[in-house]
Amino acid sequence: MKFLNFKIPHSLSLLSPRRTCSFSSQKTQLNKHPLSRKTFFQSNTKDSLISHLCDQKRLREAVQLLSQIDQPPSASIYSNLIQLCVQHRALEEGKKVHAHTKASGFVPGVFICNRFLDMYVKCGSLRDAQKVFDEMPERDLCSWNTMISGYAKVGKLDEARNLFDEMPERDNFSWTAMISGYVHHSQPKEALNLYRMMLRHENSKSNKFTVTSALAASAAIPNLRMGKEIHGNIVRIGLDSDEVVWSALSDMYGKCGSIEQARHIFDKMVDKDVVSWTAMIDKYFEDGRREKGFDLFSEFMRSGIRPNDFTFAGVLNACADHAAEDLGKQVHGYMTRIGFDPFSFAASALVHMYSKCGSIEDAKRVFKGMPRPDLVSWTSLIAGYAQNGQPNEALKLFELLLKSGTQPDHITFVGVLSACTHAGLVDKGLEYFHSIKEKHGLKHTADHYACIIDLLARAGRFGEAEDIIDKMPMKPDKFLWASLLGGCRIHRNLELAKRAAEALFEIEPENPATYVTLANIYATAGMWGEVAKVRKAMDDKGVVKKPGLSWIEIKREKHEFLVGDKSHPKSHDIHNFLGELSKRMKEKGYVPDTNFVLHDVEEEQKEQNLSYHSEKLAVAFGIISTPPGTTIRHQPITSKESTQVLYLSYLCG
DNA sequence: ATAGGGTTAG
């Protein structure tokens with residue numbers, strides 16, 4: 001081996017005055033000249049020392065040692081070094097190695113060039129990769145594919161596609177890189193076009209990689225017909241023995257709305273791994289079938305396969321959505337036992353879960369335990385404070401965020417603006433609103449506009465609100481108009497209420513809430529003729545106000561209530577409690593504020609006959625069925641069809 | 001050597 005090394009650094013002879021001497025005579029020369037011999041010996045040792053350092057993953061030292069030798073080491077040493085740079089995502093060191101090849105006069109072949117391409121791509125410097133690619137005298141399929149995949153992964157799809165179209169021939173790697181690039185960057189249709197093109201024109205046969213990408217595309221559209229077609233292909237070609245293919249297939253059915261089919265495939269899988277389990281569990285959550293999801297989750301826990309951060313994040317988000325803090329706490333405990341990455345999104349999902357459940361102290365504790373909280377955690381906590389009656393804490397936290405050097409994004413500002421709304425800080429809110437664009441260089445989103453209109457309308461500053469609406473660069477959405485309508489109701493602004501309602505009738509004519517609110521505004525103003533007109537319009541259009549339905553969960557059992565509901569077995573106790581409660585409230589001097597009734601006029605009239613609103617019934621039942629001091633959480637369901645439904649959950653302590 | 005499945009915040 002050492003003898004071989006002797007041959008490679010022929011530039012060694014540069015050190016010796018006799019460059020032209022032959023191999024054997026040089027050896028003799030070396031023997032005769034102690035200095036030359038020492039140099040040779042050192043270089044030789046350094047080569048093997050670099051190899052040794054590479055084996056030990058000591059990248060820094062290896063590169064430092066490399067910089068001390070002027071002549072190129074063997075190609076395999078370069079290769080090892082580059083690979084190590086890739087592993088460490090060490091762009092700086094990688095550049096040093098690259099510079100060394102140039103300085104030492106090493107002429108890299110395609111193989112080493114491809115390594116450099118891969119290194120630059122993985123370290124995130126596509127510019128350097130492109131430069132290497134441009135300078136390559138000779139390229140192979142791998143060179144092209146590495147570039148295409150590099151561009152496709154970061155969403156530079158045009159660049160990727162240009163290379164793809166330009167390359168002389170394509171293989172499965174090229175197709176997969178391109179198709180998955182489209183899938184991951186919201187162009188699933190283009191992905192499927194490409195897949196069809198592959199089937200048509202090229203002789204490339206599908207393999208498990210191309211079909212999984214195509215399945216992901218069908219899932220993202222979603223296109224069940226195409227998904228089924230690919231399923232057929234898979235069976236025909238015999239690719240149905242691969243875990244990932246199965247998983248993608250199950251995912252496709254789930255995303256295309258056939259959750260039963262997804263489960264069917266999931267059940268048939270022999271070697272389910274953490275990804276297939278997690279995906280199936282999340283399917284149930286997305287489908288709103290949380291019991292099923294939680295059941296499958298506990299089944300997974302018993303399977304012996306180790307869950308990962310995706311699993312935890314998925315379940316915790318489901319807990320957050322359902323204010324299921326008891327389960328969230330259990331998951332937290334489990335995570336602590338088996339360990340989780342405090343830098344990962346499982347950690348921020350914890351902050352989110354506790355914030356959403358109203359346990360802001362727990363959220364803060366998790367947040368403080370994070371070595372470097374990410375933006376999602378900051379945002380969750382800020383929004384959590386805003387929602388849980390501590391808007392000033394939310395704003396303080398936001399100022400801390402700015403000091404920490406983390407850049408807020410548009411979602412952070414939704415939390416900030418809603419904090420201002422809750423705190424009634426109108427001018428401060430306006431200041432933040434303007435800073436979004438001016439100080440942070442972000443674009444105002446429809447959400448920001450809805451927030452700021454909500455803020456101004458609640459404060460009765462309708463002139464400014466209208467001014468902003470008229471100047472905004474996009475069409476106001478339904479949330480904005482609904483906020484405005486709500487503000488008009490508080491401040492009895494009939495004119496603007498009409499404008500808001502008309503806009504809402506156009507956007508969502510089928511939503512009864514608009515009619516009800518407008519009728520209420522007219523009723524408050526005593527304009528009964530207008531109330532009747534709104535009612536008639538509702539009837540004419542066939543819009544039906546669904547009765548408000550509320551439910552509360554006591555010990556995992558759901559109890560439902562309609563307005564004026566007397567069918568519950570405990571109905572008598574509930575009504576006694578509520579009667580007692582309003583008696584005591586009146587004694588304390590409480591006067592009901594009719595501006596803030598949550599229900600429509602008809603229901604209000606019912607209430608005068610002691611026909612209680614469903615929320616009141618549910619909360620009352622919760623209070624009398626639980627020990628004193630128990631937290632009762634409420635979670636508005638924001639699905640399209642039932643905006644007035646409340647979800648209340650009693651959590652065992 | 002280059003490619004595939006599940007993913008947070010109002």
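Below, chains carry the letters A, B, ... as their sequence lines are ordered, and counting in each starts from 1.
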How is A/Ala383 classified with respect to the nucleic acid when contacts are heavy atoms under 4.0 Å: base, sugar-phosphate, or nothing? sugar-phosphate
Separation of atom CG in A/Asp477 from atom C1' in B/dG10, rounded to whole Å: 13 Å
Look at all strands and tell whether A/Asp409 reaches a base, only sugar-phosphate, or nothing, counting heavy atoms closer than 4.0 Å. base
Cation-aromatic face contact A/Arg372/A/Phe343, 6.0 Å, 45 degrees: no
Check ion pair A/Lys283-A/Asp251 (N to O, under 4.0 angstrom): yes
A/Tyr385 pairs by side chain to side chain contact (heavy atoms under 4.5 Å, CB included) with which of A/Asn388, A/Leu381, A/Ile382? A/Leu381
NZ of A/Lys255 versus C1' of B/dG5: gap in Å, rounded? 9 Å
Would you indicate what A/Asp454 reaches in the nucleic acid, counting non-hydrogen atoms under 4.0 angstrom: base, sugar-phosphate, or nothing? nothing
By nearest atom, which of the nucleotides B/dG10, B/dT7, B/dG5 is closest to the A/Asp282 side chain? B/dT7
So A/His184, base contact, sugar-phosphate only, or nothing? Heavy-atom distance under 4.0 Å. sugar-phosphate
Is any N or O donor-acceptor pair between the side chain of A/Asp171 and the base of B/dA3 shorter than 3.5 Å? no
Please classify the nucleic acid contact of A/Asp251 as base, sugar-phosphate, or nothing, using heavy-atom distances under 4.0 Å. sugar-phosphate
Report the residue from A/Asp341, A/Leu316, A/Asp309, A/Thr311 that forms a side chain to side chain contact (heavy atoms under 4.5 Å, CB included) with A/Met335. A/Leu316
A/Arg365 and A/Asp362 ion-paired at < 4.0 Å: yes
Which ones in residues 234-244 of chain A lie close to DNA chain B, meaning a heavy atom under 4.0 Å from one of its atoms? A/Asp242, A/Glu243, A/Val244
In this structure, how many angstroms lie between the P atom of B/dA3 and the CG atom of A/Asp118, rounded? 7 Å
May I ask whether A/Phe173 stacks on the base of B/dT2, given the cut-offs of 5.5 Å between ring centres and 30° between planes? yes
Listed partners of A/Glu190 passing salt bridge (Lys or Arg N to Asp or Glu O under 4.0 Å), at least two apart: A/Arg161
Are A/Phe413 and A/Phe433 an aromatic pair by the rule of ring centers under 6.0 Å? no
Separation of B/dG6 P from A/Phe266 CZ (nearest whole Å): 15 Å
Testing B/dG5, B/dA1, B/dA9 for proximity to the side chain of A/Val376, the answer is B/dA9
When you measure from the side chain of A/Arg115, which nucleotide among B/dG5, B/dA1, B/dA3 comes out closest? B/dA1
A/Phe106 meets the side-chain contact (heavy atoms from CB on, under 4.5 Å) criterion, sequence neighbours left out, with A/Pro72, A/Ala75, A/Tyr78, A/Thr101, A/Ser104, A/Pro108, A/Ile112
What is the nucleic acid contact for A/Lys272, judged by heavy atoms within less than 4.0 Å: base, sugar-phosphate only, or nothing? nothing
Using ring centroids (six-membered ring only for Trp), state whether A/His264 and A/Tyr253 fall under 6.0 Å. no
Can you check the A/Tyr284 OH to B/dT7 P distance for me, whole Å? 16 Å
Find the distance A/Leu375:CG to B/dT8:P and express it as a whole number of Å. 15 Å
Mind checking A/Val121 for me? I need base, sugar-phosphate or nothing, with any heavy atom below 4.0 Å counting as a touch. nothing
Taking only side-chain N and O atoms of A/Ser180, does any of them lie within less than 4.0 angstrom of OP1 or OP2 on B/dG4? yes
Determine whether a donor-acceptor pair (one donor, one acceptor, N or O, separation below 3.5 Å) exists between the side chain of A/Asn172 and the base of B/dA3. no
A/Ser348 near the nucleic acid: base, sugar-phosphate alone, or nothing, with a heavy-atom cut-off under 4.0 Å? base
Scan A/Ser149 against the nucleic acid and name what it touches under 4.0 Å (heavy atoms): base, sugar-phosphate only, or nothing. sugar-phosphate
When we call it a touch if two heavy atoms are under 4.0 Å apart, what does A/Thr412 touch: a base, just sugar-phosphate, or nothing? nothing
OP1 or OP2 of B/dT8 less than 4.0 angstrom from a side-chain nitrogen or oxygen of A/His352, does that happen here? no
Rounded off to whole Å, could you give me the CG-to-P distance for the A/Asp374 and B/dT7 pair? 18 Å
State which of B/dT7, B/dG4, B/dG6 makes the closest approach to the side chain of A/Ser213. B/dG4
Salt bridge or not for A/Lys428 and A/Glu431, using N-O below 4.0 Å? no
Looking at A/Asp309 and B/dG6, is any side-chain donor or acceptor paired with a base atom of the opposite kind under 3.5 Å? no
With a centroid cutoff of 5.5 Å and a plane-angle limit of 30°, would you call A/Phe209 stacked on B/dG4? no
From the list B/dT8, B/dG4, B/dT7, which nucleotide is the closest neighbour of the side chain of A/Phe310? B/dT7
Nearest-Å distance for atom pair CG/P, residues A/Leu350 and B/dA9: 13 Å
Choosing from B/dA3, B/dT8, B/dG10, which nucleotide comes nearest the side chain of A/Lys153? B/dA3
